[in-house]
Amino acid sequence: MNRRVFWILAAAVVSLALLAWVLFGPGRHAITRQDMVEGDAIPTPTPAPEQRVMLLFPGSDGLLHPELRSVPLPAEVHEKVRTVVLEVLAGPTGNLQPVVPWTAELTAVFIDHEGTAFIDLTAPPKPLTGSHNELMLAYGLVDSILLNCPSLTSIQILFGGHEIPTLTGHLDFSRPLVLNKRFIAS
Amino acid sequence: MIDPAGTHMRKVLIASIIFLLGASLLPAQVDLHTVEFQYAGRGVLVPKLGTRIEVIPILALIGAGAEYSRAAGTYVVAYGEKRLQFTPGHKLVMVDGKLLDTMDAPVPSPGGVAASLDFIDRSLLGPLGFRLDPIPQGYRIVPGARFAEPVTVRAAAADFAATTTLVLTLDRAVIAEAESTEDGGIVVHFDDASPRLDPGTLLRSRRVRSLTSNGREILIETGADIGLLNWHNLDDPPRVILELGRVYPTPTPAPARVVERSGPPPIVIDPGHGGKDTGAVARTGLNERDLTMSVARYLSAELRARGHAVRLTREDGEGRALTDRTAIANRLEAKIFVSLHANSSTFSSVKGAETYYMSLDDQATDEAAAATAKLENEAGASSDGRSDLDLILWDLAQASALNESAGLAVAVQTRLNALLDLRDRGVKQAPFVVLTGATMPAILVEVGFLSNPTEASRLGSAEHQQALARAIATGIEAFLSEP
């Protein structure tokens with residue numbers, strides 16, 4: 001073995017030793033690699049049983065009218081709220097009007113320890129007018145959620161990720177709203 | 001001499017060494033896509049996605065449980081008694097029931113959810129009581145939040161003859177101190193806490209104009225010549241009690257914009273909307289802003305002709321904040337507040353007049369009044385000379401204003417139905433902003449639907465507007481004449 005081969009072999013040994021030190025040397029914490037979250041971090045939901053929900057939509061008399069619909073209704077309250085809101089946003093099947101008069105999406109649901117749910121909708125593309133439209137939107141959502149999710153006490157509607165003082169200059173949206181049956185047709 | 005076997009051996013050896021050296025470099029290349037986090041003697045290499053980092057391994061490292069609801073799209077993080085909720089794609093985080101705004105939103109990722117370092121530090125680890133300290137390999141998670149934790153502040157005010165007691169109730173015990181500022185305002189400083197005013201806070205005070213949270217302070221704007229007389233802290237629940245009152249003589253005249261009353265208590269009429277805010281608009285072009293102004297003028301003339309003092313909350317074309325409108329009525333110590341509006345519906349068939357008053361069963365009204373009275377009692381308000389009777393009378397006055405509003409609403413709606421043969425859409429209750437905080441009987445009248453072509457046509461005529469004004473004035477007089 002000549003001198004050149006010796007130096008090449010020595011360089012290889014040093015490289016391997018360096019690699020071993022980097023990966024397993026002293027002074028290092030036990031490092032685990034987290035390339036992907038294991039499957040059990042995101043549990044697969046079990047199919048929810050179908051249940052009837054009561055959804056409220058504005059009618060030609062200016063009041064909210066119930067529409068009964070069978071939907072898979074999860075037991076977990078976040079999911080239940082989301083299910084009800086998505087059904088309301090999907091609109092009525094009969095002669096009633098949509099509660100939200102623009103193509104809105106539900107972007108988040110939060111629930112606090114006092115039973116207040118915060119639902120965030122995409123903001124209206126243009127200003128709405130009329131206290132009537134504001135009341136139908138507010139209580140069409142609030143009453144639909146609270147009638148189907150009895151563990152909740154109040155609902156605050158957010159728009160575009162923000163708390164807003166009012167939508168059309170009348171109703172107070174800056175705080176949670178409670179069940180108000182005065183706008184439901186008897 | 002050329003040794004072919006030796007040359008071949010040498011080539012194989014060199015190729016092997018190059019392979020080994022190349023292999024040793026591979027982990028370094030992978031490290032460009034990971035960042036190390038350390039906590040309590042353990043470390044984890046967490047994948048990076050551009051500027052964002054996978055969140056779940058970091059939460060797992062500190063022992064926080066993270067559950068994901070696929071249907072709701074929400075992560076619920078539990079660490080000890082702390083509960084935190086966030087949604088990929090959303091800038092709000094709920095921490096122990098309070099919503100916090102964040103600078104950016106976490107995003108869905110192969111590992112579940114990824115977020116910026118700032119989000120992880122400020123909005124996830126901070127609320128859980130940790131912070132990130134940079135180290136050469138990445139970051140070390142250490143106990144102790146970098147950012148001041150929020151403290152929710154609920155304010156309530158009680159006006160007495162010469163002073164106002166402002167009670168700031170905190171949702172956790174923190175050190176808070178109040179002082180007067182050089183410009184005549186009042187500031188409450190919080191030690192290592194970011195005050196956040198409860199959105200449900202309602203102030204009913206002639207002397208406190210507004211509260212604003214700013215960093216670690218709450219700024220209190222008061223009426224002219226009103227300042228801080230004294231303050232103190234109370235426990236169970238933690239509170240800051242501020243006594244406000246007149247601290248300066250009044251040599252300077254009031255600014256022109258300040259509404260001052262002369263003469264008897266007026267009836268305050270509020271023409272809805274104003275300025276650039278036109279409100280609802282009919283197909284004919286008639287808008288709510290102009291219609292309510294016109295009806296307000298007729299109503300003002302009608303009431304003046306019947307011997308009442310009247311003030312309007314805005315002049316022609318002028319815009320005014322909703323809260324200012326009620327504040328004007330409060331400052332003038334008005335005997336009645338009437339807000340005029342015109343409605344709109346997606347159904348063009350919907351028509352009729354409606355009269356609203358504040359919800360009796362809603363949290364805002366009852367809670368604010370009750371909470372103030374309760375807090376005042378707890379604060380030992382009688383210790384400085386006021387009697388418990390003052391508190392009881394104040395509480396009764398608040399409840400009375402709501403009950404009287406119901407009576408006023410019925411009186412006005414009945415006249416609208418009878419005199420104009422309008423379809424009765426009835427008296428209703430709803431938490432309208434403009435009625436919030438009114439300390440006198442207060443109603444909101446929707447005189448009709450501009451979205452109904454027939455009704456819009458009628459609402460555009462001066463005769464109909466005068467008839468509406470007469471009906472409302474008659475209702476007001478009937479209410480005032482009730483024993």
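Below, read A as the first sequence line, B as the second, and so on, with proteins coming before strands; counting in each chain starts at 1.
In this structure, no portion of B:V95 lies under 4.5 Å from any heavy atom of chain A. Both the backbone and the side chain of A:T107 have a heavy atom closer than 4.5 Å to some heavy atom of chain B. For chain A, the nearby part of B:F86 is the backbone; its heavy atoms alone come within less than 4.5 Å. A:L106 does not touch chain B: none of its heavy atoms, backbone or side chain, sits under 4.5 Å away. At a 4.5 Å heavy-atom cutoff, A:L128 makes no contact with chain B through either its backbone or its side chain. Only the side chain of A:F183 comes within less than 4.5 Å of a heavy atom in chain B; its backbone stays farther off. With a 4.5 angstrom heavy-atom cutoff, A:Q97 touches chain B via backbone and side-chain atoms both.
For B:T87, the side-chain contact (heavy atoms from CB on, under 4.5 Å) partners two or more places apart in sequence, or in a different chain, are A:A108, A:F110, B:T74, B:H90.
Panel note: side chain B:E54, backbone B:P47; no donor-acceptor pair is recorded below 3.5 Å. Not one N or O on the side chain of A:N180 forms a donor-acceptor pair closer than 3.5 Å with the backbone of A:D143.
Heavy-atom pairs under 4.5 Å with chain A were tallied for B:D277, B:L322, B:L99; the largest tally goes to B:L99. For the options A:P98, A:G59, A:P58, heavy-atom pairs under 4.5 Å to chain B are most numerous at A:G59. Your options are B:Q85, B:R83, B:H341, B:K428, and the one with the most heavy-atom pairs under 4.5 Å with chain A is B:Q85. Among B:A280, B:G89, B:S345, the residue with the largest count of heavy-atom pairs under 4.5 Å with chain A is B:S345. Interface remark: of the candidates B:T278, B:L92, B:L61, B:L92 forms the most heavy-atom pairs closer than 4.5 Å to chain A.
Taking a 6.0 Å sphere around NZ of B:K82, one finds it holds more than 12 heavy atoms contributed by other residues, nucleotides or ligands.
The pair A:R182-B:E354 does not count as a salt bridge, with every side-chain nitrogen at least 4.0 angstrom from each carboxylate oxygen.
To the nearest 0.5 Å, the span separating OG on B:S344 from CG on B:N452 amounts to 10.5 Å.
Residues A:T166 and A:F173 approach most closely at CA-CD1, 4.1 Å, considering heavy atoms.
Screening B:L291, B:N343, B:N287 for a side chain to side chain contact (heavy atoms under 4.5 Å, CB included) involving B:L450 leaves a single residue, B:L291.
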